[in-house]
Each structure stands twice: as structure tokens, then as C-alpha cells.
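Indexing begins at 1, ligand by ligand and atom by atom, following the structure's order.
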Amino acid sequence: MRQEDRPTALVTGASTGIGEAFARELARRGHDLVVVARGADRLDALAADLKDAFSTVTEVLPGDLTDRTQAAAVEERLADATRPVDILVNNAGALTSGLFAKLPIAGEVAQVELNAVVPVRLTHSVLPVMLDRGKGAIVNVSSIAGEAPTPFGATYGAAYSFLTAFSQAVHMEVRRYGVTVTALLPGFTAAAADPARRVQDAGRVVRDGLAAVSAGRPVCIPGRRNKTSAAFARLAPRSLVRAVMEASRNP
Ligand SMILES: NC(=O)c1ccc[n+]([C@@H]2O[C@H](COP(=O)([O-])OP(=O)(O)OC[C@H]3O[C@@H](n4cnc5c(N)ncnc54)[C@H](OP(=O)(O)O)[C@@H]3O)[C@@H](O)[C@H]2O)c1
């Protein structure tokens with residue numbers, strides 16, 4: 001493939017975990033990459049690895065996405081119609097947990113910014129170029145935690161409820177123009193699967209997510225157990241869902 005024909009993917013939080021698995025899988029499938037995270041060293045090492053393995057051209061864009069000035073560089077890159085991004089993966093995220101009243105408010109606000117507001121800003125930056133081109137895909141890595149109110153992870157669950165709903169709404173707006181938005185809702189995920197602890201491996205989560213993108217699906221919940229939990233959270237009476245969440249998450 002000539003270099004200019006290769007599609008480009010921008011992945012946030014690409015230095016570890018699910019984001020790194022997205023970067024590796026998209027590179028393996030012939031994408032060039034733009035990778036974002038705070039730590040430049042890991043991104044540089046990833047870029048070198050991907051160049052060796054797949055001849056991938058990787059732009060490294062280090063920055064803290066909770067800092068509006070640093071996030072603006074990523075927004076500008078996404079809005080650049082001369083170097084269009086074919087797939088945006090909003091994956092960078094943070095987890096805070098504990099009694100909400102005792103958690104530092106700065107961390108809670110930063111978490112909502114990173115898990116919910118940043119994907120809104122980056123989606124808004126990239127969509128005009130995608131709509132003009134009549135193609136493009138956005139993956140918003142959300143969480144199954146967003147399917148029910150989450151005591152001791154109150155802002156985490158709520159931010160992902162927002163992100164999952166937002167993603168579906170925008171998908172309905174743009175799919176007629178050839179652009180899709182997919183909310184990916186993993187459960188517990190790590191580098192290696194551990195079925196006894198209900199942990200899925202990141203590679204599996206990413207492959208399921210990309211299959212949903214290819215199929216133009218707005219929501220992807222990887223794994224049968226996670227699908228069952230989500231179905232319970234969506235279909236059961238709210239009072240029962242709250243009772244189960246309160247009982248299972250009390251410290
Ligand atoms: N793992 C799970 O069980 C699970 C389950 C459901 C949903 N999720 C969601 O899936 C996503 C990935 O999870 P993960 O477990 O793979 O995460 P992870 O291993 O903690 O990686 C997070 C990535 O985001 C980057 N990042 C963190 N804060 C950032 C910031 N302020 N600005 C820019 N980049 C930042 C990190 O790099 P730097 O530290 O260098 O910035 C890293 O590359 C997250 O959104 C998470 O909430 C995870």
C-alpha cells in the first residue's frame with residue numbers, strides 16, 4: 001500500500017492497557033497512528049516497536065488531556081483536513097473510587113473531564129472532517145460500570161453513563177453521512193484473561209470493538225457475562241438494580 005493510502009487512527013491513552021492493544025491491532029491492520037498520553041517515553045517506545053513490526057508511521061502527541069491547552073493540540077490535529085483521521089479511539093480514562101464525600105474534589109472533576117468531557121471535545125473536533133469525507137469511525141471506550149449507578153465509584157459510573165448515551169445519540173445523527181460512533185463497554189480487563197476473576201484480555205476487547213465498528217454498531221459489550229450484567233441493569237426495576245449495587249459494593 002502506498003503511504004498516502006494508509007488509513008490513520010488516533011488513539012488516546014495508547015501507552016498501556018486497552019489503548020495500547022488498540023494501537024497494536026490497528027497497526028497490524030495497516031493503519032498509521034497518532035498516539036496520545038501524558039508519558040512520552042512509553043509512546044516513543046511503542047512507535048519504535050510498531051515501526052519494526054508493521055512499518056507503521058506513528059506521530060507521538062504527548063499531553064495531559066485534562067489540561068485544556070494541551071488537549072487543544074489534539075483537537076487541532078483531529079480538525080486538520082489535510083491529514084484526515086479515519087478512526088478516533090477515545091480511550092484515555094481514569095478510575096477513582098471510594099466514598100465520594102471523602103475523595104478530593106479536584107480528582108473527581110478531572111475524572112469527569114477525562115472520561116466524559118474530553119471525548120465530547122475530540123468527537124466534536126474530528127466530526128466535521130469525517131462528515132465532509134463521508135466516512136470515518138469513532139470508538140468511545142466507556143464501561144459496563146455506566147449501566148448502573150455505582151456507589152464508591154459514583155463519578156466513574158456516571159461519567160460512563162453519559163458517554164454511552166452521548167455516543168449513541170451522535171451515532172444516530174451521523175450514520176446517514178457514512179460516519180459511525182461506537183461505545184465500547186468493557187468489564188474488568190487486563191493484559192491477560194482470568195476467567196475465574198471475570199477478567200477479559202485487552203486484545204479480545206479490542207477485536208470485539210473493531211468488529212462492532214465494521215458492522216456499524218453503536219454499542220459493543222464484549223463477553224457473555226458482561227452482556228448478561230448489562231441486560232439485567234437495563235431491564236430490571238431501578239429499585240432492584242440499586243439494591244443489588246448497594247449490596248455488592250458496600251465496603
Ligand atoms: N481495565 C478495565 O478493567 C476497564 C474496564 C472498563 C472500562 N475501562 C476504560 O478503558 C479505558 C482504558 O483502560 P485501561 O485499564 O487500559 O487504562 P490504563 O491501563 O490505566 O491506561 C490509561 C491510558 O490513558 C492514559 N492517560 C491517563 N490519564 C491521562 C490524561 N490525563 N491525559 C492523557 N492520557 C492519559 C495513560 O497514559 P499516561 O499515564 O502516560 O497518561 C494510559 O495510556 C479507560 O477509559 C478505562 O476507564 C477499563
Side-chain angles (χ1 to χ4, degrees), residues 10-25 33-47 58 60-75 77-78 88-97 106-123 138-148 150 153-164 166-167 182-194 197-206 208-209 219-223 225-227 229-230 233:
L10 187 148
V11 182
T12 69
S15 57
T16 54
I18 297 171
E20 181 184 352
F22 261 113
R24 289 187 183 281
E25 183 63 22
L33 290 173
V34 186
V35 290
V36 181
R38 289 167 301 185
D41 290 356
R42 290 189 76 115
L43 294 178
D44 286 337
L46 175 69
T58 303
V60 172
L61 263 187
D64 182 343
L65 288 166
T66 64
D67 176 317
R68 290 274 167 97
T69 311
Q70 295 180 44
V74 181
E75 292 170 36
R77 177 63 187 84
L78 287 166
L88 163 64
V89 182
N90 278 308
N91 163 81
L95 167 67
T96 57
S97 58
E108 295 303 281
V109 170
Q111 194 214 92
V112 173
E113 177 82 13
L114 185 62
N115 295 7
V117 177
V118 166
V120 168
R121 297 185 72 88
L122 301 192
T123 297
I138 298 169
V139 179
N140 288 330
V141 182
S142 182
S143 171
I144 197 171
E147 297 303 289
T150 314
T155 53
Y156 182 80
Y160 282 141
S161 294
F162 169 90
L163 185 59
T164 299
F166 165 75
S167 303
T182 300
L184 175 60
L185 280 56
F188 293 118
T189 307
D194 180 351
R197 295 177 53 234
R198 300 187 164 210
V199 175
Q200 287 189 300
D201 73 276
R204 158 83 195 275
V205 167
V206 165
D208 280 12
V219 177
C220 172
I221 302 174
R225 279 175 169 169
N226 292 329
K227 282 187 178 65
S229 304

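Of the listed options N91, V141, L43, V35, N91 places a heavy atom closest to atom 44 (C) of ligand 1. Among A71, A14, S15, A21, the residue whose heavy atom lies nearest to atom 37 (O) of ligand 1 is S15.
Atom 18 (P) of ligand 1 is approached by the protein to below 4.0 angstrom, counting heavy atoms only.
At least one heavy atom of S142 sits less than 4.0 Å from an atom of ligand 1. Remark: distances from the non-hydrogen atoms of T12 to ligand 1 are all 4.0 Å or more.
Residue A92 comes nearest to L65 through the heavy atom pair CB-CD1, 4.0 Å, listed as atom of the first residue, atom of the second, then distance. Smallest separation of non-hydrogen atoms from L95 and Q111: C-NE2, 3.9 Å. Looking at every heavy atom in both residues, T123 comes nearest to P119 through OG1-O, 2.6 Å. The shortest heavy-atom contact between S167 and L163 is OG-O, 2.6 Å. Residues R38 and D64 approach most closely at CG-CA, 3.6 Å, considering heavy atoms. Scanning both residues, L43 and A37, for their nearest heavy atoms gives CD1-N, 3.5 Å.
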Original post:
Would E25 and V11 satisfy side-chain contact (heavy atoms from CB on, under 4.5 Å), going step by step from the backbone distance to the final call?
Top reply: CA-CA 11 Å; E25 183 63 22; V11 182; over 6 Å; no
Original post:
R24 and L46: side-chain contact (heavy atoms from CB on, under 4.5 Å), yes or no, with the steps?
Top reply: CA-CA 9 Å; R24 289 187 183 281; L46 175 69; 3.7 Å; yes
Subject >> Pair T164-E147, side-chain contact (heavy atoms from CB on, under 4.5 Å): steps then yes or no >> reply: CA-CA 9 Å; T164 299; E147 297 303 289; 4.1 Å; yes
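When each atom of ligand 1 is checked for a heavy atom of Y156 under 4.0 Å away, the hits are 6 (C), 7 (C), 8 (N), 47 (O). In summary, the atoms of ligand 1 found under 4.0 Å from a heavy atom of G93, numbered by their order in the structure, are 44 (C), 45 (O). Short contacts between ligand 1 and G63, defined as distances under 4.0 Å to a heavy atom of the residue, involve ligand atoms 32 (N), 33 (C). Annotation for ligand 1: atoms under 4.0 Å from non-hydrogen atoms of S143 are 6 (C), 7 (C). Those atoms of ligand 1 with a heavy atom of G39 less than 4.0 angstrom away are 40 (O). Close approach of ligand 1 to D64 is summarised as follows: ligand atoms under 4.0 Å from at least one heavy atom of the residue are 30 (C), 31 (N), 32 (N). The distance from ligand 1 to the heavy atoms of A92 drops below 4.0 Å at these ligand atoms: 24 (O), 34 (N), 35 (C), 45 (O). Less than 4.0 angstrom separates some heavy atom of T66 from each of these atoms of ligand 1: 31 (N).
Of all protein heavy atoms, the one closest to atom 46 (C) of ligand 1 is Y160 OH, 3.6 Å. Among all non-hydrogen protein atoms, the one lying nearest atom 21 (O) of ligand 1 is T16 OG1, 2.9 Å. Atom 5 (C) of ligand 1 has G187 O, 3.0 Å as its closest protein atom, hydrogens excluded (heavy atom only). Annotation: atom 27 (C) of ligand 1 to nearest protein heavy atom, R38 NH2, 3.5 Å. Protein heavy atom nearest atom 32 (N) of ligand 1, with residue, atom name and distance: L65 N, 2.9 Å. Counting protein heavy atoms only, atom 14 (P) of ligand 1 is closest to I18 N, 4.2 Å. Closest to atom 3 (O) of ligand 1 among all protein heavy atoms lies T189 N, 2.8 Å. The closest protein non-hydrogen atom to atom 34 (N) of ligand 1 is A37 CA, 3.6 Å.
The residue A202 has no part lying near ligand 1, judged by heavy-atom distances below 4.0 Å. Looking at L114 against ligand 1, only its side chain comes within 4.0 Å, counting heavy atoms. Counting heavy atoms closer than 4.0 Å to ligand 1, residue A145 contributes nothing at all.
Within the 4.5 Å cutoff, the side chain of L10 has heavy atoms near those of the L78 side chain. Counting heavy atoms from C-beta outward, Y156 and N115 have side chains that approach closer than 4.5 Å.
Distances between N or O atoms of F188 and those of ligand 1 include no value under 3.5 Å. No N or O atom of A94 sits closer than 3.5 Å to an N or O atom of ligand 1. Looking at N115 next to ligand 1, no N or O pair under 3.5 Å apart turns up. Residue G13 has at least one N or O atom closer than 3.5 Å to an N or O atom of ligand 1.
Of the inter-residue distances, the one linking E113 atom CD with D67 atom CG reads 9.5 Å to the nearest 0.5 angstrom. Taking CG of L114 as the reference point, atom OG1 of T12 lies at 7.5 Å (rounded to 0.5 Å). For the atom pair E20 CD and N91 CG, the distance stands at 11.0 Å (nearest 0.5 Å).
Side-chain N/O atoms of E108 and T96 include a donor and acceptor closer than 3.5 Å.
A side chain to side chain contact (heavy atoms under 4.5 Å, CB included) with C220 holds for exactly one of V205, L185, L184, V139; it is L184.
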